[in-house]
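In this chain, numbering begins with 1 at the start of the sequence shown. Given the structure is predicted, the values throughout are model-derived calculations rather than measurements.
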Amino acid sequence: MGIRTGPADSLTDSQLREVKNLCKKAYRALDLNGYARMDLRLDREKGFYLIEANPNPDIGFGEEFADSAEHIKVKYPKLIQKIINLGLRW
């Protein structure tokens, strides 16, 4: 069985809810604020586990964080504006 990385296009709605809940719990437990990147893995039994919560991911154009935003149709300028807005609200 190979390792697949990248966007989670093949996940079910239920799995996506599970991922979202796991990430929110980790974000709150670590007392994060602003933006963060969560790295997860899916095991053979289809269970998710968090391997890293990065509170300061590289937001450069073409980097993983920006590519993930692009994947969900958030263009780079809009992503940066959202991050700026988060900071201004802080």
Side-chain angles (χ1 to χ4, degrees):
M1 176 178 221
I3 296 173
R4 187 177 65 86
T5 62
D9 292 336
S10 63
L11 298 179
T12 66
D13 288 343
S14 176
Q15 288 174 313
L16 290 172
R17 280 191 301 276
E18 185 180 346
V19 165
K20 189 175 182 178
N21 289 334
L22 175 60
C23 291
K24 283 182 176 183
K25 285 180 184 177
Y27 187 91
R28 290 178 186 129
L30 294 169
D31 197 28
L32 299 178
N33 62 66
Y35 66 97
R37 187 190 75 229
M38 303 290 179
D39 295 340
L40 297 103
R41 295 296 181 265
L42 178 63
D43 65 22
R44 288 190 171 121
E45 288 76 37
K46 304 292 185 193
F48 294 97
Y49 57 99
L50 180 69
I51 62 166
E52 178 186 17
N54 187 338
N56 190 26
D58 187 343
I59 60 171
F61 184 78
E63 295 298 330
E64 288 176 355
F65 192 83
D67 283 351
S68 293
E70 181 78 26
H71 186 77
I72 61 166
K73 310 286 188 264
V74 177
K75 300 290 184 194
Y76 188 70
K78 186 175 180 182
L79 171 67
I80 297 303
Q81 188 61 58
K82 285 177 175 260
I83 291 170
I84 290 169
N85 291 347
L86 281 170
L88 290 171
R89 278 187 274 167
W90 180 252

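- Minimum interatomic distance between Gly60 and Ala66 (heavy atoms only, all atoms of both residues): O-CB, 3.6 Å.
- Both Tyr35 and Ile84 belong to a single network of hydrophobic side chains, linked directly or stepwise wherever heavy atoms of I, L, V, M, F, W or Y lie under 4.5 Å apart.
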* Asked: Can you check side-chain contact (heavy atoms from CB on, under 4.5 Å) on Leu42 and Val19, steps first, answer last?
  -> CA-CA 10 Å; Leu42 178 63; Val19 165; over 6 Å; no

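- Qualifying side-chain hydrogen bond (donor to acceptor under 3.5 Å, both in side chains) partners for Asp39, counting only residues two or more places apart in sequence or in other chains: Arg37.
- Pairs passing the salt bridge (Lys or Arg N to Asp or Glu O under 4.0 Å) check and including a residue from residues 17-28, sequence neighbours excluded, do not occur.
- Screening residues 57-69 for side chain to side chain donor-acceptor pair (under 3.5 Å), with sequence neighbours left out, gives no hits.
- Contact record, Cys23 with Leu40: SG-CD1, 3.7 Å, taken as the closest heavy-atom pair.
- For Asp31, there are no side chain to side chain contact (heavy atoms under 4.5 Å, CB included) partners two or more places apart in sequence or in a different chain.
- Applying the side-chain hydrogen bond (donor to acceptor under 3.5 Å, both in side chains) test to Gln81 and every residue at least two apart in sequence or in another chain returns Asn85.
- Note: the hydrophobic cluster containing Leu88 also contains Ile80 (ILVMFWY, side chain heavy atoms under 4.5 Å, direct or indirect links).
- Contacts of Phe48 classified as ring pair (Phe, Tyr, Trp, His ring centres under 6.0 Å), with partners at least two apart in sequence or in another chain: none.
- When the ring pair (Phe, Tyr, Trp, His ring centres under 6.0 Å) test is applied to Phe61, the partners found at least two apart in sequence or on another chain are Tyr76.
- Residues that satisfy the side chain to side chain contact (heavy atoms under 4.5 Å, CB included) test with Leu32, not counting sequence neighbours, are Tyr27, Leu30, Ala36, Met38, Pro55.
- For Lys75, the salt bridge (Lys or Arg N to Asp or Glu O under 4.0 Å) criterion is met by Glu70, not counting sequence neighbours.
- For the pair Phe65 and Leu79, the minimum side-chain heavy-atom distance is below 4.5 Å.
- Among residues at least two apart or in separate chains, there is no salt bridge (Lys or Arg N to Asp or Glu O under 4.0 Å) pair with a member in residues 78-90.
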